[in-house]
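Here is the structure we will look at.
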Amino acid sequence: MNTFLSRLNTIFAFTLSVMAGLTFCCFLTTAFNEHKAPVYIGTGKAIVKNVPDYSATREKNDLGFVVFDMQADLSRIFNWNVKQLFLYLTAEYETKDHVLNQVVIWDKIIKRGENSVLDYRSSNTKYYFWDYGNGLKGNNNVTLTLSWNVIPNAGTLPKIRGEGSHKFKFPNEYSTNRL
Amino acid sequence: MAEVRHKGLNTPSSDNGQQSTSAQDFDGQKRAEKWFQIIIMVFGVVGFIWGYICQQFSQTMYILIAGFVISCFLTLPPWPVYRRKPLKWLKVKQEPESDSTNNATPSSGSSHKRRGK
């Protein structure tokens, strides 16, 4: 504390300590938030094809196509400790080989300040709905669920499952026409 | 304010043996530390409340940085308020010329004796 530079060092270190304390307090103000929101999901026509997956084994696998509607108001999740949400729509289903299969077929990043009210009608999936095998044809219990990661300024990265899901079925026959 | 011009010189002044330098004295250092802690804490708390009200944590950070800048301005330079209680040094003792020369250049023999003890 006897020279200019040693005082500068002390003040800077003290400021950083206060900054860390404030950031921790900011985390505490939102630590008990639920981050939940109701989600409505619906689907339109679903078809399934049996085509070679050239990105993988080149064997013929089931490829599902489905259009979906989705409405959700996520604006209440945002607060001063949320920078953005990472949304992802997963399809879950059971096959002979595996009890639980999960495929992410759509995702989206919503930054704070952007529109956080989702309203999609007859939207196509963003990613291919591949099954490794033939588990989609005639599958009558495919569940769509919207989940999200909350990315905060400080704190944990909670993975939240939206309240509400939708079940649909794939037809018993492969579709052969071009989509 | 004339004392500021002696920046960097730590020599005692010729009048009544007081140290007159550009540095903060010990009491001034203590008060400078107390003041920057108070300023930064107050800005931090106010910034936290304001940031919570408008739900922008960046506002909290900006206000805290403003407190940092203000406390730097108020406590980094050796302002006169931090130089009110300088140390009172004793006057320089004038010693005889012969004694000082003997002490300054000890012979090689004397160092041997010291090692023996």
Side-chain angles (χ1 to χ4, degrees), chain A residues 1-37 73-86 110-117 148-158, chain B residues 4 7-10 19 21-79 82-83 85-87:
Chain A
M1 285 295 293
N2 60 328
T3 64
F4 185 94
L5 282 178
S6 70
R7 278 195 292 278
L8 182 63
N9 181 40
T10 316
I11 294 180
F12 187 64
F14 184 73
T15 307
L16 285 188
S17 302
V18 173
M19 203 178 270
L22 291 179
T23 310
F24 185 74
C25 289
C26 177
F27 154 67
L28 285 183
T29 61
T30 60
F32 303 105
N33 286 13
E34 292 280 328
H35 308 293
K36 282 186 181 293
D73 182 1
L74 305 177
S75 53
R76 286 182 62 236
I77 297 174
F78 286 94
N79 57 56
W80 75 331
N81 196 19
V82 175
K83 289 202 287 195
Q84 63 183 32
L85 295 182
F86 174 69
I110 302 181
K111 291 178 181 165
R112 191 167 175 226
E114 292 177 356
N115 177 28
S116 53
V117 181
W148 49 83
N149 267 146
V150 181
I151 289 99
N153 287 314
T156 57
L157 285 164
Chain B
V4 177
K7 194 169 185 174
L9 297 176
N10 261 334
Q19 195 183 25
T21 66
S22 64
Q24 293 185 0
D25 57 49
F26 286 132
D27 185 64
Q29 290 172 27
K30 186 181 165 190
R31 279 184 293 136
E33 181 162 14
K34 188 182 83 174
W35 274 108
F36 82 65
Q37 284 177 349
I38 289 173
I39 292 168
I40 291 174
M41 286 298 286
V42 166
F43 272 77
V45 170
V46 170
F48 187 83
I49 294 167
W50 175 247
Y52 188 79
I53 288 170
C54 59
Q55 286 288 301
Q56 284 287 346
F57 193 63
S58 55
Q59 295 288 322
T60 305
M61 289 292 123
Y62 290 139
I63 291 171
L64 180 66
I65 290 166
F68 171 75
V69 171
I70 289 171
S71 64
C72 278
F73 175 76
L74 290 179
T75 63
L76 283 185
W79 299 120
Y82 302 120
R83 287 185 278 123
K85 292 181 183 174
L87 286 180

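Lettering of chains follows the sequences in order, A, B, ..., and the numbering in each one begins at 1.
At a threshold of 4.5 Å between non-hydrogen side-chain atoms, the residues B:Phe36 and A:Thr15 do not count as touching. Looking at heavy atoms from C-beta onward, B:Phe48 lies in side-chain contact with A:Thr29 at the 4.5 angstrom threshold.
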Steps toward side chain to side chain contact (heavy atoms under 4.5 Å, CB included) verdict (B:Phe68, A:Phe12)
CA-CA 8 Å; B:Phe68 171 75; A:Phe12 187 64; 3.9 Å; yes
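Contact of A:Asn2 with chain B is made through backbone and side chain together, with heavy-atom distances under 4.5 Å. Heavy-atom distances place both the backbone and the side chain of B:Thr75 under 4.5 Å from chain A.
Between chain B and the residues A:Phe78, A:Phe4, A:Phe14, the most heavy-atom pairs under 4.5 angstrom are made by A:Phe14. When each of B:Met61, B:Met41, B:Gln37, B:Gln56 is checked for heavy-atom pairs under 4.5 Å with chain A, B:Gln37 comes out on top. For the set A:Asn81, A:Val18, A:Leu22, the count of heavy-atom pairs under 4.5 angstrom toward chain B peaks at A:Leu22.
Other residues, nucleotides and ligands contribute only 12 or fewer heavy atoms inside 6.0 Å of the OH atom of B:Tyr62. In this structure, B:Tyr52 places its OH atom where only 12 or fewer heavy-atom neighbours from other residues, nucleotides or ligands lie under 6.0 Å away.
In this structure, CD on B:Gln55 lies 9.0 Å from OG1 on A:Thr30, to the nearest 0.5 angstrom. Between the NZ atom of A:Lys83 and the CZ atom of B:Phe57 there is a distance of 11.0 Å, given to the nearest 0.5 Å. Distance check, rounded to the nearest 0.5 Å: CD of B:Gln29 to CZ of A:Arg7 gives 6.5 Å.
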